[in-house]
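One structure is given here, and the rest of the page talks about it.
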Amino acid sequence: MPFRLALCALILLTACGTQYRDTDAPISAQADFDAARYLGTWYEIARYPVPFQEGCTATTATYQAIDDQRISVLNQCRQGDPTGPLDQIKGTARVVGPGQLTVQFYTVPFLRAPYWVLWVDESYQTAVVGVPNGRAGWILARSPQIAPETRAMANDILRQNGYDPDALIETLHAP
């Protein structure tokens, strides 16, 4: 992602933008989150519309261990459609609590954004991620599609954390 988009990403996650979560509702990260099992590639199934992902499709996030507390982050998407130009941004995440991470991108090293894993299934195949201020959120999976009952579960987790699942947009992946 260009510098401007990375900067907007962090600013929007921490300061301004559309809110998709009722912040009066409690939010909780997964208490038994295992960062080692979370490593690898995740496909974005759906997200809340945020300017820093405008035009993105076929979006993935790849996490690799740096050490016990730090994880490398590689976010990639295709612009316009699943065969469009590749856009990517690299950074690091730091585990700051159970299921709670902060993300920092290399293009804006002085800003950190919260990244909370609200739920991950027992087999670490599907995850729901949010931020306390409710300005972003994602449903992620180890494959580009998930079963309807898994999606319903993910939507329920979002609702339990004050999010409106009806505001999600679906992420298109190559067939």
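None of the values given here were measured: they were computed from a predicted structure.
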Legend entry - Rounded distance (nearest 0.5 Å) linking atom OG1 of Thr60 with atom CD of Gln76: 4.5 Å
Inset, instruction - Check the hydrophobic clustering (I, L, V, M, F, W, Y; side-chain heavy atoms under 4.5 Å; chains of links allowed) and say if Ile45 and Leu172 are grouped together. - result: no
Inset, instruction - Taking the side chain as every heavy atom from C-beta outward, state whether Ile27 and Leu118 have any pair of such atoms under 4.5 Å apart. - result: yes
Inset, instruction - Indicate the atoms forming the closest heavy-atom contact of Tyr38 with Ala127, along with that distance. - result: CE1-CB, 3.9 Å
Inset, instruction - Please test Asp67 against Gln69 for side chain to side chain donor-acceptor pair (under 3.5 Å), starting from the C-alpha separation and ending with a verdict. - result: CA-CA 6 Å; Asp67 58 35; Gln69 294 297 311; over 6 Å; no
Legend entry - Chi angles and distances behind the side chain to side chain contact (heavy atoms under 4.5 Å, CB included) call for Thr18, Arg135: CA-CA 6 Å; Thr18 302; Arg135 288 180 168 77; over 6 Å; no
Inset, instruction - Would you mind reporting whether Trp116 and Asn161 have side-chain heavy atoms less than 4.5 Å apart? - result: no
Legend entry - Validation row: Gln30, Pro98 side chains within 4.5 angstrom (heavy atoms): no
Inset, instruction - For residues Pro132 and Thr23, report the shortest heavy-atom separation together with the two atoms involved. - result: O-CG2, 3.8 Å
Legend entry - Derivation of the salt bridge (Lys or Arg N to Asp or Glu O under 4.0 Å) call for Arg37 and Glu122: CA-CA 10 Å; Arg37 293 185 66 199; Glu122 287 183 24; over 6 Å; no
Inset, instruction - Locate the shortest heavy-atom distance separating Val50 from Ala136; write the atom from each residue and the value. - result: CG1-CB, 4.1 Å
Legend entry - Tyr43 with Trp119, same ILVMFWY side-chain cluster at under 4.5 Å: no
Legend entry - side chain to side chain contact (heavy atoms under 4.5 Å, CB included) between Arg47 and Thr171, worked out: CA-CA 7 Å; Arg47 70 174 180 268; Thr171 303; 3.8 Å; yes
Inset, instruction - Please answer whether the main-chain N or O of Thr126 pairs with a side-chain N or O of Asp121 as donor and acceptor at a distance below 3.5 Å. - result: yes
Legend entry - Nearest heavy-atom neighbours spanning Asn75 and Ala61: OD1-CB, 3.4 Å
Inset, instruction - Taking Ser72 for its side chain and Gln64 for its backbone only, find out whether a donor-acceptor pair lies under 3.5 Å. - result: yes
Inset, instruction - Determine, step by step, whether Gln53 and Trp138 satisfy the side chain to side chain donor-acceptor pair (under 3.5 Å) criterion, reporting the C-alpha distance in whole Å, the side-chain angles of both residues, the deciding distance to 0.1 Å, and the verdict. - result: CA-CA 12 Å; Gln53 281 190 277; Trp138 300 268; 2.9 Å; yes
Inset, instruction - Scan residues 143-165 for pairs that pass ring-ring contact (aromatic ring centres under 6.0 Å, His included), counting only residues two or more places apart or in two chains. - result: Tyr48-Tyr163
Inset, instruction - Verify the cluster assignment for Val117 and Leu39: are they in a single hydrophobic cluster under the rule of side-chain heavy atoms below 4.5 Å apart? - result: yes
Inset, instruction - Say whether Trp42 and Val95 are linked into one hydrophobic cluster, either directly or through other cluster members, by side-chain heavy-atom distances under 4.5 angstrom. - result: yes
Legend entry - Exercise: identify the closest heavy-atom pair between Ala154 and Ile139: CB-CD1, 3.7 Å
Inset, instruction - Please identify each residue that fulfils salt bridge (charged side-chain N to carboxylate O under 4.0 Å, His left out) with Arg159, with sequence neighbours left out. - result: Asp156
Legend entry - Stepwise side chain to side chain contact (heavy atoms under 4.5 Å, CB included) test for Arg151 and Leu168: CA-CA 12 Å; Arg151 178 56 184 268; Leu168 287 166; 3.6 Å; yes
Inset, instruction - Let me see the working for Asp87 and Arg78 under side chain to side chain contact (heavy atoms under 4.5 Å, CB included), right down to the final yes or no. - result: CA-CA 6 Å; Asp87 201 355; Arg78 297 285 177 169; over 6 Å; no
Legend entry - Side-chain (His173) to main-chain (Glu44) donor-acceptor, under 3.5 angstrom: yes
Inset, instruction - Find out if a path of hydrophobic residues (ILVMFWY) with successive side-chain heavy-atom gaps under 4.5 Å connects Ile71 to Val96. - result: no
Legend entry - Arg142 side-chain N/O to Tyr124 backbone N/O, donor-acceptor pair under 3.5 Å: yes
Inset, instruction - State the CG-OH distance between Leu74 and Tyr63, to the nearest 0.5 angstrom. - result: 10.0 Å
Inset, instruction - Tell me yes or no: between the side chains of Thr41 and Thr62, is some donor less than 3.5 Å from an acceptor? - result: yes
Legend entry - Closest heavy-atom pair and its distance - Ala174, Pro82: N-CB, 3.6 Å
Inset, instruction - With the side chain counted from C-beta on, respond yes when Tyr20 and Asp164 share a heavy-atom pair under 4.5 Å apart, and no when they do not. - result: no
Inset, instruction - Using modelled atom types only, decide if a donor and an acceptor are shared between the side chain of Gln125 and the backbone of Ser123 within a distance under 3.5 Å. - result: yes
Inset, instruction - Enter the distance from Ile146:CD1 to Met153:CE here, rounded to the nearest 0.5 Å. - result: 11.0 Å
